[in-house]
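In this chain, numbering begins with 1 at the start of the sequence shown.
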Amino acid sequence: MRIPSSRYGAAGAFTVLNPATGRPVADVGLADLAETDVAIERAHRAYPSWRAIAPGERARLLRSFASVVEAHIDELAALEVANAGHTIGNARWEAGNVRDVLNYYSASPERHFGRQIPVPGGIDVTFHEPLGVVGIIVPWNFPMPIAGWGFAPALAAGNTVVLKPAELTPLTAMRLGELALEAGLPEGVFTVITGKGGVVGDRFVTNPLVRKVCFTGSTEVGKGIMRGCADQVKRVTLELGGKNANIVFDDADLEAAAAAAPGGGLDNAGQDCCARSRILVQDSVYERFLELLQPAVEAFRVKDPMASDAEMGPMVSAKQRDAVAAHLDGADIAFRGRSETGAEHDGGYWLAPAVVLPRSAADPVWSQELFGPVLAVMPFRDEADAIAKANDTEYGLSGSIFSRDVGRALRVARGVESGNLSINSHSSVRYWTPFGGFKQSGLGRELGPDAPDSFSEVKNVFISTTY
């Protein structure tokens, strides 16, 4: 497995560990403030020529980038397994998602249309003007897709990008930076810089050459970034936490809902802002649902992430595993899943899935985003009770509704305060539809046909015909 090279290191180095084994994978250099400013300045210098590139040529370069990613999908996937502990199946999908997002937004440069607005005495037209340098801060739970969701539309709109991956999981972003150059993107147009959030991420906020910050991560850090960006009236997109409900009505296909629940809440070891970690079940079928859920959780395959049939791997770090495990001490655990790991994984960060029965709505396993393989199940009475319980959280990112009554499902979907809902499904993200949260789950939208708009300013120009 080829490890991408690090071009930074003035602030020391960080040892990346394989979450499945706890063994070292690579030492990655950490940038200091001066190196961060150099990277931002390089992106700033590259901006005028990138902005001036003909739309068709910018589109061609993005398609070239997608083709190079396609040629390296297996390499990127293997890196992500070692880097983040993702299952190989998920990692291949994630690398493919970067390819697909690049291809999708490669159509944007030639279609980022302005408008002609009727006015008296002349012609009025609008243009989408790029912002300049965009700083993107990527979390550790989905390093590749979330990076692509930011840099692809930003580049398509004519901006240059400086991207900081999480310290725990920098390797695939570093490799994507190399592949961008191989694809022909000019130096400085897409830069990946490794370093600590308190240094590199903070400098994205304070350096006036950075015109927008995209951040995915915790709500508390996101609030700090928003406060910092306010000092320069700097644009910001935030994708933050989630504590999402999976609502199961008594008229649902209970067997299908129970079979789907582990994938909706335990994928990526529950380290997913969209995880349906709160399962609300109508009281008349609550006991039956638990009976069906138990074998589904116990059959969920927790094993070596390189195994082709693995459905869940380890947690990303010992710290994250221990934090989640602490919430299970004293909890009312109904049943647990199984881990099929061998002796070679003894040093890894493994935690078997758990299904808990919260004692009240204030129970931390119900009210807090644990970010681990824990499903909490609670009964509800009727539609109004289901909506009230689903909305009893500061978050509003995602969620699911299972019912054979489409009218009921749509009523509940309109009542749940969440940005992304699925009916009889746990699908949250498609790159051609918008994604983002309500309340403290974030600000702004990513993906979908309008994403390039969030990386541009609208300029209005009036042309007098009476002059």
Side-chain angles (χ1 to χ4, degrees), residues 87 89-90 243-272 274-305 307 309-315 321 324-341 350-361 363-381 385-386 389-390 398-404 422-427:
T87 63
N90 280 7
K243 190 66 175 176
N244 313 291
N246 173 12
I247 303 172
V248 182
F249 283 96
D250 59 5
D251 68 338
D253 181 335
L254 290 184
E255 286 77 10
L266 302 177
D267 185 57
N268 199 33
Q271 299 166 126
D272 182 354
C274 292
R276 277 72 164 166
S277 58
R278 298 196 300 167
I279 304 178
L280 284 162
V281 185
Q282 196 153 22
D283 49 13
S284 59
V285 294
Y286 174 76
E287 296 296 340
R288 176 58 180 155
F289 182 85
L290 285 174
E291 291 173 1
L292 293 168
L293 181 62
Q294 182 169 357
V297 170
E298 291 174 348
F300 203 70
R301 292 184 292 275
V302 182
K303 59 194 304 183
D304 183 346
D309 62 342
E311 294 177 288
M312 179 182 134
M315 302 197 68
R321 177 200 59 198
V324 175
H327 282 286
L328 297 177
D329 291 340
D332 185 359
I333 298 176
F335 45 86
R336 300 200 70 161
R338 303 186 181 95
S339 178
E340 303 174 29
T341 56
W350 299 89
L351 186 66
V355 173
V356 300
L357 307 179
R359 297 180 178 91
S360 72
D363 194 321
V365 297
W366 183 258
S367 62
Q368 297 180 21
E369 184 184 34
L370 304 188
F371 231 55
V374 180
L375 303 177
V377 189
M378 180 182 287
F380 69 88
R381 294 185 306 278
D385 191 36
K389 285 185 163 93
S398 194
S400 298
I401 301 155
F402 280 78
S403 173
R404 287 189 173 96
S422 300
I423 295 173
N424 298 324
S425 166
H426 291 308
S427 177

Is [Y] close to [X] at the side-chain level, that is, under 4.5 Å between some pair of heavy atoms?
X: Arg336; Y: Leu351; answer: yes
X: Met315; Y: Gln271; answer: yes
X: Arg288; Y: Val281; answer: no
X: Ile333; Y: Val356; answer: yes
X: Ser398; Y: Arg276; answer: yes
X: Gln282; Y: Phe380; answer: yes

Spatial distance of atom [atom1] ([X]) from atom [atom2] ([Y]) [nearest 0.5 Å]:
X: Leu370; Y: Leu328; atom1: CG; atom2: CG; answer: 7.5 Å
X: Arg278; Y: Ser367; atom1: CZ; atom2: OG; answer: 8.5 Å
X: Asn268; Y: Asn90; atom1: CG; atom2: CG; answer: 6.5 Å
X: Thr87; Y: Asp304; atom1: OG1; atom2: CG; answer: 10.5 Å
X: Arg381; Y: Leu280; atom1: CZ; atom2: CG; answer: 11.5 Å
X: Leu293; Y: Leu375; atom1: CG; atom2: CG; answer: 6.5 Å

* To do: Please step through side chain to side chain contact (heavy atoms under 4.5 Å, CB included) for the pair Arg359 and Asp332, ending with a clear verdict.
  => CA-CA 8 Å; Arg359 297 180 178 91; Asp332 185 359; 4.1 Å; yes

* Check the pair Arg338, Glu298 against side chain to side chain contact (heavy atoms under 4.5 Å, CB included), reporting the backbone distance first and the verdict last. => CA-CA 6 Å; Arg338 303 186 181 95; Glu298 291 174 348; 3.5 Å; yes

Would the distance check show the side chain of [X] and the main-chain N or O of [Y] forming a donor-acceptor pair, the cut-off being under 3.5 Å?
X: Ser400; Y: Ser425; result: yes
X: Asp251; Y: Ser403; result: no
X: Lys243; Y: Gln368; result: yes

Grab the two heavy atoms, one from [X] and one from [Y], that are nearest each other, plus how far apart they are.
X: Ala390; Y: Ala245; result: CB-CB, 3.9 Å
X: Arg404; Y: Ala252; result: NH1-O, 3.3 Å
X: Ala261; Y: Phe289; result: CB-CZ, 4.4 Å
X: Gly313; Y: Val302; result: O-CG1, 4.4 Å
X: Ser360; Y: Trp366; result: O-CB, 4.2 Å
X: Leu266; Y: Val374; result: CD2-N, 4.1 Å

* Asked: In terms of ring plane angle, is the pair Phe402 and His426 parallel, tilted or perpendicular, where the classes change at 30° and 60°?
  -> tilted

* To do: Determine whether the aromatic ring centres of Phe371 and His327 lie less than 6.0 Å apart.
  => no

